[in-house]
Amino acid sequence: MLAPRALVLRGPGTNCDHETAHAFERAGGLSRRVHVQALAEKPTVLDDFQIFCIPGGFSYGDDIASGRILALELGQRLGEALRQFHDRGGLILGICNGFQVLLQTGLLLAGPDDGSSRQATLAHNTSGRFVDCWVHLQAEAGRCVFLQGLSRFELPVAHAEGRFVTSTESALEVFDRAGQLVLRYADDDAGRPTNPNGSARDVAGVCDPTGRILGLMPHPERFIEATQHPAWMGRLDPAAEAAGLAVFRNAVRAAGGDAG
Amino acid sequence: MLWEVDVHLREAAAVDLAAAGRDLGLDLSHAHTATGWLVEGELDRSAVERLAARLLTDPVTEVCRVAEVADATLLAPPDVSPSGGLTGGLVLHVLPKPGVTDPAAESARAAMALLGVEAKAVRSLRKYWLPAGVAAEQAAQLAWKRLASEAIHEVVIGKLTLTGLTGGGRWTLVRETVPLDGLDDAALEAISRQRCLALTADELRAVRDHFAAVGRPPFEIELETIAQTWSEHCCHKTLGSPIDHQGPDGHARFDNLLKETVFAATQTVRERLGPDDWCVSVFRDNSGVVRFDGDHDICVKVETHNHPSAIEPYGGAATGLGGVIRDVLGTGHGAKPLANLDVFCVAPLDTPTEEIPPGVIPPPRLLDGVVAGVRDYGNRMGIPTIAGAVAFHPGYLGNPLVFCGTVGIMPRDSADGRVEPGDLVVVAGGRTGRDGIHGATFSSIELSSDSETESGGSVQIGHAIHEKTVTDFVLAAAAERLFHAITDCGAGGLSSAVGEMGAELGAEVDLDTVPLKYAGLSATEVWISEAQERMVLAVAPADWPRLAELARQEGTEATAIGRFTGDGRLVLRWEGETVGDLDCHFLHEGRPRRRLSSRYTPPAETAVTWSIDGADLGGVLLELLGAADVASKEWIIRQYDHEVQGQSVLKPLLGPAAGPADATVIRGALGRPRGIVLGVGLRHHLGPLDPYQMAVGGIIEAVANCIAAGADPARIALLDNFCWGDCRRPESLGTLVEACLGCQDAAIALAAPFVSGKDSLNNVFTWTAADGRQQERSIPPTLLATALGQIADVAHCLSPDLKQPGNRLAIIGLSVGDLAGSQLAVLGRVSGGRVPQVDLAGCRRVFETIHRLATQRLLRACHDLSDGGLAVAAAEMAIGSGLGADLDLAAVPLAATDSPATANDLPRLLTTATTETPGRFLCEVAEADAAAFAASCGEVPWAWLGRVTDHGRLTLRVAEATVADLSVPALDAAWRAPSRAHTGGNC
């Protein structure tokens with residue numbers, strides 16, 4: 001059969017599209033970078049793909065708030081197309097800025113797309129600043145197709161607005177009990193917490209009730225091979241593949257492909 | 001109608017404001033802040049409320065308030081907690097001045113269209129509610145000291161009285177002439193000053209005589225064009241001049257200093273390489289280009305943006321980075337930016353307030369500002385900022401240095417952009433506004449305490465997303481080969497960009513067709529504006545339709561504004577009328593060259609004196625690790641996205657415990673083994689002592705950093721960035737000549753060609769002291785050397801962090817006990833003596849030895865010995881890994897003139913442990929490889945010093961006597977303390 005195809009969305013300010021597309025290819029998929037303008041002009045392009053990915057970056061400069069304008073644009077111009085894509089079994093992945101976008105479209109955590117009753121957001125880090133550092137993660141995949149087989153692993157984060165906040169404590173509890181808080185910051189090997197932004201319940205990533213949409217702040221495409229780790233030298237086999245690639249392999253496999 | 005939307009956080013947390021208040025003695029713990037948006041247009045309340053709810057407010061964390069600007073409810077204390085005590089207090093507004101780039105507002109306006117709301121204009125603002133009891137002067141002081149920058153903001157206390165955001169009609173053509181006929185030198189100089197032209201009487205005389213021959217007086221726009229083209233910033237006015245030099249070795253004459261030193265070195269290296277020459281395009285294009293692998297070339301450029309950053313650190317640094325990114329994008333047929341570097345030179349952060357001249361931004365605020373500028377621009381561009389340094393010296397007070405660099409990659413054999421007659425002049429990217437008028441000439445004038453008010457118009461604010469979209473557009477167009485040549489609009493704006501591209505062919509430009517941010521710019525303003533994020537392309541008319549379509553798809557603007565003609569004239573028009581007509585030959589070749597004289601007398605050597613009462617080696621080592629130049633820059637590095645693009649291999653923080661790196665390494669392309677190695681060197685403390693050794697030492701440091709990461713010494717390209725004081729003085733120019741000679745000698749000795757460079761002269765700050773006397777301060781002569789190295793397979797990179805207890809440690813390279821200008825001297829522990837004299841041939845042998853050992857896989861770790869010498873290097877290797885080390889200082893190979901360390905002689909111990917002789921490395925070697933290592937080292941000076949240990953301590957011995965013994969956590973804490981102070985302990 002043909003390898004599953006991933007559409008990696010790009011637009012003004014998207015900047016992780018190349019390496020994300022590369023990660024899908026390394027995982028055995030085919031990928032194409034498509035500009036949001038081109039997709040909005042011809043939403044049927046989505047019919048050729050099984051995976052839709054919003055990669056990291058600063059869409060529209062993250063002006064007003066991170067991901068706000070791209071979320072609005074997707075909602076206004078592609079909302080129906082994306083719902084249909086998901087309904088027919090498509091997978092949706094949002095990484096970093098893509099997570100911020102997904103959350104505001106209402107696709108990820110239920111809520112009407114006018115945002116009025118949205119219950120979760122990604123607010124400014126408690127430190128008040130952008131941070132690029134490595135974190136330890138603990139996955140509890142449940143239904144989430146992207147995290148199958150993953151447990152404890154490391155990835156880098158790079159963001160200023162990644163603090164997962166809900167409007168109420170009970171909303172948080174509902175998401176937690178529904179098994180949607182699938183990825184959390186964990187302690188490092190010395191037992192020190194690595195939550196980089198002050199997220200509630202250490203949330204690093206969440207999935208929708210079907211498990212086919214995942215949004216996460218850490219960057220799996222930045223750890224697909226050992227040499228991307230800050231301490232690989234003399235410790236890891238430089239040719240070895242790394243934890244982040246599993247996310248893409250899972251996606252390719254769930255979309256019906258051979259992920260190797 | 002003018003509406004205002006205020007967006008408040010539900011949980012008000014004006015933490016920054018509280019801190020700002022504390023500094024000024026105000027209790028602002030209950031103050032409140034909000035983001036505001038002014039929206040102008042024929043809009044009813046429901047439309048604005050829809051914008052507020054759907055676009056401007058986060059329903060989870062924020063609430064908003066909508067009213068017409070004049071409405072008093074906008075001043076009422078917000079109804080979020082805690083807001084007690086704000087009733088009756090002042091409200092402060094900080095908003096960008098009209099015409100200053102406001103990226104958030106531009107994005108917001110565009111996004112409003114998605115909701116079907118067409119706003120005429122939008123402006124963003126910050127709003128602050130202060131507690132009752134804060135007086136108006138205190139509020140103003142708070143605003144101007146902490147919240148706003150005079151160059152770009154306006155501050156309104158109390159009600160906003162604006163009625164609209166737009167204004168000004170189209171400019172109507174006025175042709176102003178500037179008669180020069182019969183003017184003497186004094187009158188010519190007065191014209192130069194009044195018009196901020198930065199031209200000398202000599203130069204204006206040449207202009208006067210040229211136009212006398214033409215038979216008419218110059219138009220203002222022509223004079224401006226000449227001033228931009230002849231500015232120090234745009235041509236190497238000083239470095240390219242004939243110079244009579246009187247140096248320590250006698251008299252020397254240069255017809256063109258730069259050509260005969262730096263360029264000449266490159267030429268010599270290339271000739272010796274013969275058919276193996278790997279330089280592609282050097283000192284010609286916007287960046288230097290060298291061979292990389294079979295199908296790619298790589299390019300590199302480093303620029304300075306000192307004066308704009310002194311006045312507006314955030315905007316100055318951001319646009320400095322934006323400019324150098326465009327240099328790489330505008331090389332050949334376009335190159336893809338891969339990585340950025342930044343180096344800041346600032347005054348010590350603890351400079352006492354009373355020593356800070358009026359008008360000078362205090363160093364901590366300045367450094368925060370430039371870091372934030374690079375962060376916000378680089379991160380948004382998605383280009384990792386992977387290398388850099390911060391250097392401290394009191395001489396940078398009032399005149400900080402901000403270096404920004406970019407490395408790029410392009411398909412092989414696309415470095416040869418060439419304009420063809422008949423090509424269209426196409427401007428792409430951002431629109432043109434009044435930003436940065438006179439930036440090029442401003443940077444060629446010295447700074448003064450009044451610069452902030454005089455030159456505010458020169459400060460540009462960046463819009464990274466415009467640059468990102470124009471980058472995406474250019475790279476897409478380059479892939480289809482839709483243009484013949486490209487350059488960026490930098491200093492001098494269109495006048496420089498079109499002028500340079502059309503230097504031989506000539507060009508005609510219809511200035512009224514240039515897209516504007518707002519109406520009202522004059523032809524001259526359009527021509528010399530330094531509005532950011534613009535590229536100029538030479539496009540064959542047949543390719544123009546496809547290029548225009550590509551621009552539309554990528555969401556950027558591209559406009560044909562003229563054409564390259566072939567008649568050698570630069571013709572400027574406004575609505576069809578000629579407003580300027582210059583002879584290109586005169587413009588580019590007509591500048592008179594003036595013979596300069598320079599003198600250099602080395603300062604007299606003084607005796608070595610020590611201040612070490614009560615000190616011990618361990619204590620001094622902790623002082624060195626915490627010294628400003630040496631200490632961790634983690635608080636900066638972690639604010640930069642240094643991993644985006646996924647190609648990083650050696651990051652700026654390395655090892656399990658995130659210790660320092662020497663150089664950083666990225667892959668040239670995803671999934672490919674060949675790597676790009678980036679190192680910088682700066683020996684600014686040597687500048688005032690010995691400019692030749694400062695230059696050579698900086699180059700050795702930059703190269704040594706690359707070598708320590710595994711780079712091939714036969715493939716290292718260099719860049720020079722000279723930042724100097726007032727070179728009109730023979731003594732200053734003399735130090736510049738000495739530094740150029742150092743560059744020449746080092747490049748030839750290392751077979752490392754210079755491929756590009758830039759100079760920034762006139763880094764002098766003048767002010768009037770409290771006693772009314774005129775004061776002046778020059779920066780120390782500063783050369784930033786950047787080394788661009790290559791490694792065949794990144795799997796074989798070396799790193800400094802220790803790997804395995806039991807492994808041996810060896811030093812390679814000879815140590816000489818010259819301590820002048822060392823970190824030990826900066827600490828005040830020693831003074832006098834000689835600066836380290838570099839043995840260039842010895843350094844080259846050491847570099848080749850390290851590379852041979854690396855190729856034989858005999859090195860487990862490798863670290864360049866730099867600031868703080870051996871002791872600091874050993875500590876840094878331990879910090880990166882958490883492992884310990886045990887070293888015998890008595891084993892260190894010393895010059896014949898030095899006596900070995902003894903346990904009870906602290907000066908000798910400190911000398912051996914901290915001397916900064918360039919060209920030395922500390923290496924970790926597996927026990928099993930010891931014999932092979934010894935055999936491979938051959939003739940270079942080297943010695944086993946000790947071993948890696950598992951007890952987490954750094955132990956320094958002299959034979960059996962322990963002379964320092966510190967835990968690695970203590971070393972780590974000392975090294976990280978200054979960085980942690982910036983972040984309150986967070987990473």
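Given the structure is predicted, the values throughout are model-derived calculations rather than measurements. Chain letters run A, B, ... following the sequence lines, proteins first and then strands; every chain starts at 1.
For A/Gln37, the part lying under 4.5 angstrom from a heavy atom of chain B is the side chain only. Using a 4.5 Å cut-off between heavy atoms, B/Ser107 touches chain A through backbone and side chain atoms alike. For A/Thr20, no part lies near chain B; criterion is any non-hydrogen pair under 4.5 Å. Only the backbone of A/His229 comes within less than 4.5 Å of a heavy atom of chain B; no side-chain atom from C-beta onward does. For chain A, no part of B/Ile666 is nearby; none of its heavy atoms comes within less than 4.5 Å. For A/Thr14, the part sitting under 4.5 Å from any heavy atom of chain B is the backbone (N, CA, C, O) and nothing else. For chain B, the nearby part of A/Ala123 is the side chain; its heavy atoms alone come within less than 4.5 Å. With a 4.5 angstrom heavy-atom cutoff, A/His35 touches chain B only via side-chain atoms. The contact between A/Ala120 and chain B is made entirely by backbone atoms, counting heavy-atom distances below 4.5 Å. For B/Glu554, the parts lying under 4.5 angstrom from a heavy atom of chain A are both the backbone and the side chain.
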Exercise for review: Apply side chain to side chain contact (heavy atoms under 4.5 Å, CB included) to the pair A/Cys16 and B/Val644, showing each step before the final yes or no.
Suggested key: CA-CA 7 Å; A/Cys16 302; B/Val644 63; 3.9 Å; yes

Review point. Could you go step by step and tell me if A/Gln228 and B/Arg667 meet the side chain to side chain contact (heavy atoms under 4.5 Å, CB included) rule?
Key: CA-CA 10 Å; A/Gln228 291 168 314; B/Arg667 288 176 197 270; over 6 Å; no

Check your understanding: Which is it for A/Phe130 and B/Asp376 under the side chain to side chain contact (heavy atoms under 4.5 Å, CB included) test, yes or no, and what are the steps along the way?
Key -> CA-CA 9 Å; A/Phe130 185 98; B/Asp376 285 355; over 6 Å; no

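Between the CZ atom in B/Arg109 and the CG atom in A/Asp63 there is a gap of 14.0 Å [rounded to 0.5 Å]. Atom CZ in B/Arg10 sits 8.0 Å away from atom OG in A/Ser167 (nearest 0.5 Å). Here the CG atom belonging to B/Leu56 is positioned 5.0 Å from the CD1 atom belonging to A/Ile64, to the nearest 0.5 angstrom. A/His22 contributes atom NE2, which lies 8.5 Å from atom CD of B/Gln647 (distance to the nearest 0.5 angstrom).
Top candidate by heavy-atom pairs under 4.5 Å with chain A, chosen from B/Asp641, B/Leu798, B/Val649, B/Asp472, is B/Asp641. Contacts with chain A were tallied for B/Gln645, B/Met381, B/Lys468; B/Gln645 has the most, counting heavy-atom pairs under 4.5 Å. With chain A as the partner, the residue from B/Thr35, B/Asn379, B/Leu653 showing the most heavy-atom pairs under 4.5 Å is B/Asn379. Heavy-atom pairs under 4.5 Å with chain B were tallied for A/Gly11, A/Ala239, A/Pro238, A/Gly61; the largest tally goes to A/Gly61. Highest contact tally toward chain A, considering only B/Ile637, B/Leu654, B/Ile383, is held by B/Leu654 [criterion: heavy-atom pairs under 4.5 Å]. Chain A forms the most heavy-atom pairs under 4.5 Å with one residue out of B/Gly382, B/Gly655, B/Ala111, and that residue is B/Gly655. In terms of heavy-atom pairs under 4.5 Å with chain A, the best-connected choice from B/Val7, B/Thr469, B/Thr57 is B/Thr57.
At a threshold of 4.5 Å between non-hydrogen side-chain atoms, the residues B/Leu115 and A/Gln76 count as touching. In this structure, A/Met233 and B/Lys803 have side chains that are in contact, with non-hydrogen atoms separated by less than 4.5 Å. Contact annotation: the side chain of A/Arg129 approaches that of B/Trp635 to within less than 4.5 Å [non-hydrogen atoms, C-beta and beyond]. Using a 4.5 Å cut-off on side-chain heavy atoms (C-beta onward), A/Asn15 and B/Arg380 make no contact. A heavy-atom distance below 4.5 Å is not found between the side chains of B/Pro103 and A/Tyr60. A heavy-atom distance below 4.5 Å is not found between the side chains of B/Gln553 and A/Glu41. The shortest distance between side-chain heavy atoms of A/Trp134 and B/Glu643 falls below 4.5 Å. Considering only heavy atoms from C-beta on, B/Gln639 stays 4.5 Å or farther from A/Val131 through its side chain.
Nearest approach of A/Ala231 to B/Pro656, heavy atoms of both residues: CB-N, 3.5 Å. In terms of heavy-atom proximity, B/Ile465 sits nearest to A/Gly13 at CD1-CA, 3.6 Å. The shortest non-hydrogen separation linking A/Arg118 to B/Pro59 is NH2-CD, 3.3 Å. B/Ala108 and A/Ile69 get closest at one heavy-atom pair: N-CD1, 4.5 Å. Across A/Glu19 and B/Leu670, no two heavy atoms sit closer than the pair CA-CD1, 3.8 Å.
Using a 4.0 Å cut-off between a side-chain N of Lys or Arg and a carboxylate O of Asp or Glu, A/Arg235 and B/Asp801 qualify as a salt bridge.
Applying the salt bridge (charged side-chain N to carboxylate O under 4.0 Å, His left out) criterion to B/Arg674, with sequence neighbours excluded, gives no partner residue. With sequence neighbours left out, the side-chain hydrogen bond (donor to acceptor under 3.5 Å, both in side chains) criterion links A/Arg68 to A/Gln104.
Between the side chain of A/Asp132 and the main chain of B/His642, a donor-acceptor pair closer than 3.5 Å is present. Looking only at distances, no side-chain donor or acceptor of A/Arg222 sits under 3.5 Å from a matching main-chain atom of B/Gly646.
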